[in-house]
Amino acid sequence: MSNVVTEPPVVAPVEAPPAPRRPLTRLEPVVQAIVPVLLSILASGVLLAILGRDPFAFYGNILHNGLLTDFGVQQSIVRMATLLLLAGGLIVAFRANLWNIGGDGQWLLAAAFVAGIAPSVVGGLGMAVGLPLMIVIGAVVGAAWTIVPAVLKAYYGVNEIITTLMMNFVGIALANILVKGPFLTDKPGVPRTEILPLDQRLPMLGGSQIHAGIIVAVAMMLVIHVVMTRTPLGLRLRVLGSNHRAAVHLGLRPQRLTLIAFAASGALIGMSGAVSMLGDWGSFRADFNPAYGLLMVPVVFLARMNALATIAFVALFAVIQIGGDTATRLADLPTAFILVLVGLLLFFMTITEFHRVRRQRRLAVASRAPRSAGAEEVR
Amino acid sequence: MSNLLTEPVLTALVAGALLAMVPLMFAALGESISERAGVLNIGLEGMMLFGAYAGFNGALYIHSSWIGLLLGAFGGMLAALVMVVLCVWMRLDQIVVGVGLFLFAEGVTSLLHGAQFGDSYPRIDHVSEIEVPLLSKIPVLGESVFHQHPIVYVGIAAVFLVHWMLRRTSAGLNLRAAGETPSALDAAGVDVTRTRTLAVLACGALAGIGGAYLSIIAAGSFTPMMTQGVGFIGIVLAMLARGKVMWVIALSFLFGISLSISTALQLAGVNISTDVIQMLPYVTVIAVLLLFARRSYLPSALALPYFRGER
């Protein structure tokens, strides 16, 4: 195992045939993404069979209730809006090699804040001004919650995993304090914020149950894609992410870039919380925590941190989540079963990646045209 | 406020803090070992869940908390094996695999529990505590500190042992080298992969014991997702301890107090929201980091897979 790199060229054909490989390499990212999905579905199916459930009926139910019914597909699209913005926030940070693991705290704090003040703000200013303003406020709260980790990382080199994790716990607690304190309604029952009236929430699209959040989310993903791939800022962030030392030598300012990446990440995650409150929930209940933050990590990796690919994978994930709710109930399984699927997906994904890197190395050695399939590929 | 310092309140406080501290201590100790060897283990919580589930089953069917704890250690090691194969042997991204392991463990243990017990939550109620003779008669401390399951003392002893091992033995030196400059360790003829493998397995075993303590001794039953962030706090503690394992004891006690103080305060008739109290230790640590913003020390090869011949 330990001699993967130093492996001598065992087979060194004189003429490596590069031509027939062309179409394959173009398709490779797609294959690379679909193989682990299929493998995890297969493995989970075996697990289902062991547990005495019919895997075909189970997956059929997921598909049926998440995609093929009117209600299901609308629910999936609504869920997609929230998850997309969150995933976008992770992309921006991860691309800059900043591990923002505390997404849930940022999300919940923004959601609690928005849910708390939305009824009075939207009621007072009207929907046309109020709703966009609330989304901006969500973004500001989310971004504000990244300031401490960002400053500690940028200026003192304090590891961001530990600081975002700590801020995560503080954010969760603070969201609950807000909801049980200043934003509490006098209604009996679970402590919660004032409910935003249905006719003041994000408008529904064309008589469906899908709110306008999905437009915001897809638009933001396109913006992220363009910024990350077509602008100097995106290039700088990617340079910072792939090689910190190179970034310094290029004259980039890592500190400023770190602050920008963290703020953008938190802002997108905060927008996600705001959209979720303004669109689907309308009110924040105490101890509410759907924990989407960590769930989006595998999805973002599966999409190789590409914003466009992320849209496709988030769609798939939303269908699995919405359909899975019903499917697990029908099969009399805990909803956590979906987590098994996601966990397996992550493992298979990393393994597929491992084989790709190894094959590329072997090809590089074989064709005697050593490409740098080294550290960058593994990362 | 005068009834804050009464005996029952203090006893509840110290006893509760110890109860909350033990799983944290085991988890953070394991994470410290793994991090010193250069493997950042984000899946710590998953290892604890495996340990909690396996340990609970052991204690339930074999009627011994010791067997349960042992099985918990094996459960944790089983989860750690995933980390070993994917991150140490195949050198895949430690953070991605760690997150995957956590989600997977949450799912699998809930699933197994559901398949096994349905909606019922059987309890274990034959856990043996020991009373240290004479010492257990001391007011406050006697009732709390010297009236515990012996694994508490084993845990504290384990911290001292690891401390000694890291500082004074060649195995400890190898471990630290694997985290600082694995290439030097390799050049010295020591197998980096093997060193890291052992460190991650040890981490899994300790996390598993911590999880088993939660289910067997602290709660007396297994509930899905019962660790509720203890593993992640363990990661934070290990990083705060900066690889100096003696700090793990003090830090876990501090966080243990904060996790248990609300019960004691309620006994004293003081009502502060648990949210505020649970927030305090993090706020304190963040404030300290901001004020004395020293560079946090972490092993320089942390989270980097080791490829022979590179660099």
Side-chain angles (χ1 to χ4, degrees), chain A residues 1-6 47 50-52 99 101 148-149 151-152 155-159 161-163 165-177 180-181 286 294-295 297-298 301 332-347 349-351 353-354 374-375 378-379, chain B residues 40 42 46 82 86 89-93 95-97 99-111 113-115 118 186 191-193 224-225 229 232-233 235-236 239-240 273-279 282-283 285-286 289-290 293-296 298 302-303 305-311:
Chain A
M1 265 312 182
S2 58
N3 58 354
V4 173
V5 183
T6 50
L47 192 62
I50 292 173
L51 291 169
W99 294 97
I101 301 285
V148 169
V151 167
L152 282 173
Y155 295 100
Y156 305 106
V158 179
N159 184 294
I161 295 175
I162 170 178
T163 48
L165 259 180
M166 284 197 290
M167 292 298 278
N168 185 39
F169 290 117
V170 181
I172 294 170
L174 200 57
N176 280 321
I177 291 169
K180 292 173 189 166
L294 275 181
L295 278 175
V297 174
F301 271 92
D332 195 25
L333 289 171
T335 40
F337 181 74
I338 300 302
L339 292 175
V340 177
L341 200 74
V342 176
L344 286 173
L345 181 61
L346 257 181
F347 294 146
M349 188 182 75
T350 41
I351 294 171
E353 175 75 3
F354 173 74
V378 178
R379 203 77 196 114
Chain B
L40 176 62
I42 296 281
V82 175
L86 294 180
W89 296 357
M90 293 169 71
R91 305 177 182 83
L92 300 171
D93 192 293
I95 296 171
V96 185
V97 173
V99 172
L101 185 60
F102 164 59
L103 298 174
F104 180 74
E106 270 198 329
V108 162
T109 52
S110 312
L111 192 67
H113 180 269
D186 199 5
D191 190 342
V192 177
T193 308
M225 309 190 191
F232 285 104
I233 301 177
I235 297 173
V236 169
M239 286 191 167
L240 287 176
S273 136
T274 46
D275 298 313
V276 175
I277 294 162
Q278 289 183 2
M279 206 168 83
Y282 303 105
V283 174
V285 171
I286 292 165
L289 280 176
L290 277 173
R294 297 172 289 180
R295 283 184 166 273
S296 72
L298 288 173
L302 185 64
Y306 175 63
F307 288 98
R308 197 174 231 190
E310 253 176 32
R311 265 168 305 217

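All values below come from the heavy atoms of this structure, side chains included, with hydrogens, waters and symmetry mates left out. Residue numbering restarts at 1 for every chain, and letters A, B, ... go by the order of the sequence lines.
The ring of Phe169(A) has its center no closer than 6.0 angstrom to the ring center of Phe232(B).
Of the residues considered (Ile101(A), Asn176(A), Asp332(A), Leu341(A)), Asn176(A) shows the highest number of contacts with chain B, using heavy-atom pairs under 4.5 Å. Counting heavy-atom pairs under 4.5 Å between each of Leu295(A), Ile351(A), Val297(A) and chain B puts Ile351(A) at the top.
Among residues two or more places apart in sequence or in another chain, the side chain to side chain donor-acceptor pair (under 3.5 Å) test is passed with Asn168(A) by none. Applying the side-chain contact (heavy atoms from CB on, under 4.5 Å) criterion to Val82(B), with sequence neighbours excluded, gives Phe347(A), Leu86(B), Leu101(B).
Using a 4.5 Å cut-off between heavy atoms, Ile42(B) touches chain A through its side chain atoms alone. Proximity to chain B involves both the backbone and the side chain of Thr350(A), based on heavy atoms less than 4.5 angstrom apart. Within the 4.5 angstrom heavy-atom criterion, atoms from both the backbone and the side chain of Ile177(A) approach chain B. For Leu333(A), the part sitting under 4.5 Å from any heavy atom of chain B is the side chain, from C-beta outward, and nothing else. At a 4.5 Å heavy-atom cutoff, the contact between Met167(A) and chain B is made by backbone and side-chain atoms alike.
Distance check: Thr109(B) OG1 to Phe104(B) CZ gives 9.5 Å after rounding to the nearest 0.5 Å. Taking CH2 of Trp99(A) as the reference point, atom CG of Leu40(B) lies at 10.0 Å (rounded to 0.5 Å). Residue Leu51(A) holds its CG atom at 7.5 Å from CZ of Phe337(A), rounded to the nearest 0.5 Å.
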